[in-house]
Amino acid sequence: MDETIAKYTTRKGFFKQYKKKSRLEEIWNRFLRNKLAVVGLVIFVFIILVAILAPLIANYDTEAIRVNVPNRLHSPSAAHIFGTDELGRDIMARIVHGARISLVVGCAAIAFALFVGGALGAIAGYSGGKIDDVIMRCMDVFLCLPDVLLALAIVAAFGTNLVNLTIAIGLAFTPKFSRLVRSAVMTVRGIEYVEAARAIGATNTRIIANHVLINCFGPIMVQVTLYVANAILTISALSFIGLGIQAPIPEWGNMLASGRVYMRDYAYIVIAPGMAIFMTILSLNLLGDGLRDALDPRLK
Amino acid sequence: MNMEIKKPNEQENTLEIKNLVIHYISDEEVVKAVNGVNIIIKAGKTLGLVGETGAGKTTTALSILNLVPEPQGKILSGEVLLEGRSVLAMSDLELEAIRGDKVAMIFQDPMTSLNPVHTVGDQIAESIEIHRKVSRQEALKQAKEMLELVGIPSERSNEYPFQFSGGMKQRVVIAIALTCNPTLLIADEPTTALDVTIQAQVLKLINELRQKYHMSMLMITHDLGIVAEVCDEVSIAYAGRIIEHGTLEDIFDHMRHPYTKGLFDALPDIGARRSELKPVKGLMPDPTNLPPGCPFHPRCDYVMEVCSQSVPENKWLSETHCVECHLYKDSNESMLKEVLL
């Protein structure tokens, strides 16, 4: 009894009692209240898990790659949940392994864009003046081209392999991030705590990293999720027109492309990869919207 | 008439600002924020810089850290000497070394001068990490001690600024400013964002700590009550010039400049509650378009012909008291004892 009293009367106990939730906890709670966003998160986590566990679900060589003509164009059944394609490969196996490529290339491309574009945007936004002009006008040039077209040009020029594709899509998204980060940095730059940081002798690098960028984290995170969706769509689009992932490697876009010949009679052949793309993009968009609302409660 | 009054001894001055001119230049206009400011702060003393909004107080303060916002803000001439070293001639590296270490600043609004995404402990520790070569643990430990010093339990160092009240945030800002034991503390209207009770607490805290660590202080304010409480000397700023400077006694009891007099007349008198307030007539001149001659002459009750023609020179009336006004051009100390403005 005495102990409990002591616990609540000492200063430490007192402040423990009143310890409030951390910022992250609060954002997380707000996020959970948005049902659609949670659905998005669940679907996306499911897709990630599927991609990670792909080898356990289906064997890459025997089921997703190897041609098995006698098995071709089977309708969905217990053995082949989504059926088999025109070369007798299991569509489910191909979708599951395709998820790996889409996610890895999509995330890597956006990571690249975020890193390059973010750095350029931060420098432009923080320094302003001529540096800002030069960087942003260069970005504007890239921004004039539709991202598929830009990626297309890069892939066509340097050849299609996984690395080139990632860089091409990354470059296509770089100007978008530089704009975003620049505007975020410019908003934060004028706030007094940045001046306060300069007044205690912090270097520019320190200020940008420690005070400016961290405060832009919210809007950047939201855009990252939305742009990953865009990037995945771009990969599929490139693959669909034959300049992305090359057959026989399974990718949702090239599955659609090869399946469209049989679409009339065997619709399931395109429905499954189409749904995979659709669900991924949808989940990322829901997630992004939910994040935005959770990070900025005033927006609603 | 040949009483040559000696200017104050220039040694042992923590801060000397000589003839500082700062303009904000944009494409359309030139804002003449500071037009020849002279300030001296002796070691361990507190100078109050008083003036209306737009008198150039904050710009002057920022120049001490060479933080006048680029690219519009231009320091056109003048010198800022910190313990004898010119701040304006320093390299970025040297500037970073003195900012927060030798000179620290307390900002006006504690709500925006703390970074919302870092804990208060981290923010205090940052200054220590930058200037003292210590480990992170050590810096955090010192940060906790600083928190205790400003009256906040050290257990709260892991909390974020939004979990603190306004007065406590200002205490945190003060803790950040004092961590590295600066020789000069610049307090830019440290209490304007706080209510009166908290104001008193914060002022008391600043004053105690300042005395404890023998810091010099530049207190920027427009509250004459605060000046009376904490300052040793007072400078009255008007349209980017120091129009009167003196000890607390000089300014409060023997004010000379008509503007200073106007400021004191404008204070409400608690004894005469029904009497009307007497504001200084007119408004602060537009800093993009200052009147010729003495900037105060359009509002001055004692205006003479010469006032619109030439800028009055700095006139030392005694060893501690100087004024920029044509009224005192030919006067000396003994004369002034009889004439009371």
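Residue numbers start from 1 in every chain, and the chains themselves are labelled A, B, ... in the order their sequence lines are given, proteins ahead of strands. All values derive from a computational prediction rather than experimental measurement.
Using a 4.5 Å cut-off between non-hydrogen atoms, no part of residues 113-137 of chain A approaches chain B. Below 4.5 Å, heavy atoms of chain A meet heavy atoms from Ile130(B), His131(B), all part of residues 130-144 of chain B. Contacts of residues 187-213 of chain A with chain B at a heavy-atom distance below 4.5 Å involve Ile191(A), Glu192(A), Tyr193(A), Glu195(A), Ala196(A), Arg198(A), Ala199(A), Ile200(A), Gly201(A), Ala202(A), Thr203(A), Asn204(A), Arg206(A), Asn210(A), His211(A), listed in sequence order.
Around atom CZ of Phe31(A), more than 12 heavy atoms belonging to other residues, nucleotides or ligands sit under 6.0 Å away. Residue Lys102(B) qualifies as open at atom NZ: its count of foreign heavy atoms under 6.0 Å is 12 or below.
Both the backbone and the side chain of Glu126(B) come within contact range of chain A, judged by heavy atoms closer than 4.5 Å. If you measure heavy-atom distances from Leu65(B) to chain A, the contacts under 4.5 Å come from the side chain alone. Proximity to chain A is limited to the backbone of Val103(B), based on heavy atoms less than 4.5 angstrom apart. Within the 4.5 angstrom heavy-atom criterion, atoms from both the backbone and the side chain of Asp109(B) approach chain A. Leu62(B) touches chain A through its side chain: at least one heavy atom from C-beta onward sits under 4.5 Å away, while N, CA, C and O do not.
Taking Asp92(B) as the reference, nothing meets the side chain to side chain donor-acceptor pair (under 3.5 Å) condition, with sequence neighbours excluded.
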